[in-house]
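Worksheet: one structure, shown below.
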Amino acid sequence: MKTLNEMKLTFPAHSANEAFSRSAVSSFVAQLDPRIDELSDIKTAVSEAVTNCIVHAYRDRDGTIEITARILEGGELWIKIRDKGCGIENIEKAMEPMYTTAPDEDRAGLGFAVMESFMDRLAVRSKVGVGTTITMRKKIEGR
């Protein structure tokens, strides 16, 4: 599918940047004139993915998060969120609702489930010691 527009962001994995990432992606997708519920779904999915990077990927160390967003032909949004953190040992287990690697931090373990429910497609690739890449897609029906 042909890319009509693209943006790339790289920023430190600090909790203050979670809101920034959500706003940046929603501003980018605004060109498709999404409905409020579509925009809300995208913002929530991006927020969950970035929060996972901050909380789980870098655990007490500095790191960066990269976001690439593309507008594809046919009004489809493609988003890739990548970290170079610790990686996920068992992706299948990590994607189970209520599973968390940070139970002492009062985490619900719903991040992947939320992303999956709000986006049309979700793919997770990870390698221990190298990092994790989350790719999400959503068709924007618009107004």
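Values below: all heavy atoms of this structure, side chains included; hydrogens, waters and symmetry mates excluded.
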Is it true that a side-chain atom of [X] and a backbone atom of [Y] form a donor plus acceptor pair closer than 3.5 Å?
{"X": "Asp83", "Y": "Gly131", "answer": "no"}
{"X": "Tyr58", "Y": "His14", "answer": "no"}
{"X": "Ser47", "Y": "Lys43", "answer": "no"}
{"X": "Ser23", "Y": "Ala19", "answer": "yes"}

Quick one: does [X]'s side chain get under 4.5 Å of [Y]'s, heavy atoms only?
{"X": "Ile67", "Y": "Val25", "value": "yes"}
{"X": "Met136", "Y": "Ile81", "value": "yes"}
{"X": "Thr68", "Y": "Glu6", "value": "yes"}
{"X": "Phe112", "Y": "Ile88", "value": "yes"}
{"X": "Ile79", "Y": "Ile42", "value": "yes"}
{"X": "Asn52", "Y": "Met115", "value": "yes"}

With [X], which residues qualify under side chain to side chain contact (heavy atoms under 4.5 Å, CB included), at least two apart?
{"X": "Ser117", "result": "none"}
{"X": "Ser15", "result": "none"}
{"X": "Arg82", "result": "Glu66, Lys84, Thr133"}
{"X": "Lys127", "result": "Val130"}

Can you see which heavy atom on [X] is nearest to which on [Y], and at what distance?
{"X": "Leu32", "Y": "Gly75", "answer": "CD1-O, 4.0 Å"}
{"X": "Glu48", "Y": "Val114", "answer": "CG-CG1, 3.7 Å"}
{"X": "Ala45", "Y": "Met119", "answer": "CB-CG, 3.7 Å"}
{"X": "Thr135", "Y": "Lys80", "answer": "OG1-CG, 4.2 Å"}

**Report entry** Within 6.0 Å of CD in Gln31, more than 12 heavy atoms from elsewhere
**Finding:** yes
Query raised in the report: Can a salt bridge be assigned to the pair Glu76 and Arg137 using a cut-off of 4.0 Å between side-chain N and carboxylate O?
Result: yes
Quick one: do [X] and [Y] end up in the same hydrophobic cluster if we chain Ile, Leu, Val, Met, Phe, Trp and Tyr together by side-chain heavy atoms under 4.5 Å apart?
{"X": "Val46", "Y": "Trp78", "value": "no"}
{"X": "Leu9", "Y": "Leu77", "value": "yes"}
{"X": "Leu122", "Y": "Leu39", "value": "yes"}
{"X": "Val128", "Y": "Val124", "value": "no"}

Query - Pairs satisfying ring pair (Phe, Tyr, Trp, His ring centres under 6.0 Å), at least one member in residues 24-50, at least two apart - result: none
Query raised in the report: Any salt bridge (Lys or Arg N to Asp or Glu O under 4.0 Å) pairs touching residues 12-26, not counting sequence neighbours?
Result: Glu18-Arg22
Query raised in the report: At what distance, to the nearest 0.5 angstrom, does CD1 of Ile65 lie from CZ of Phe11?
Result: 4.5 Å
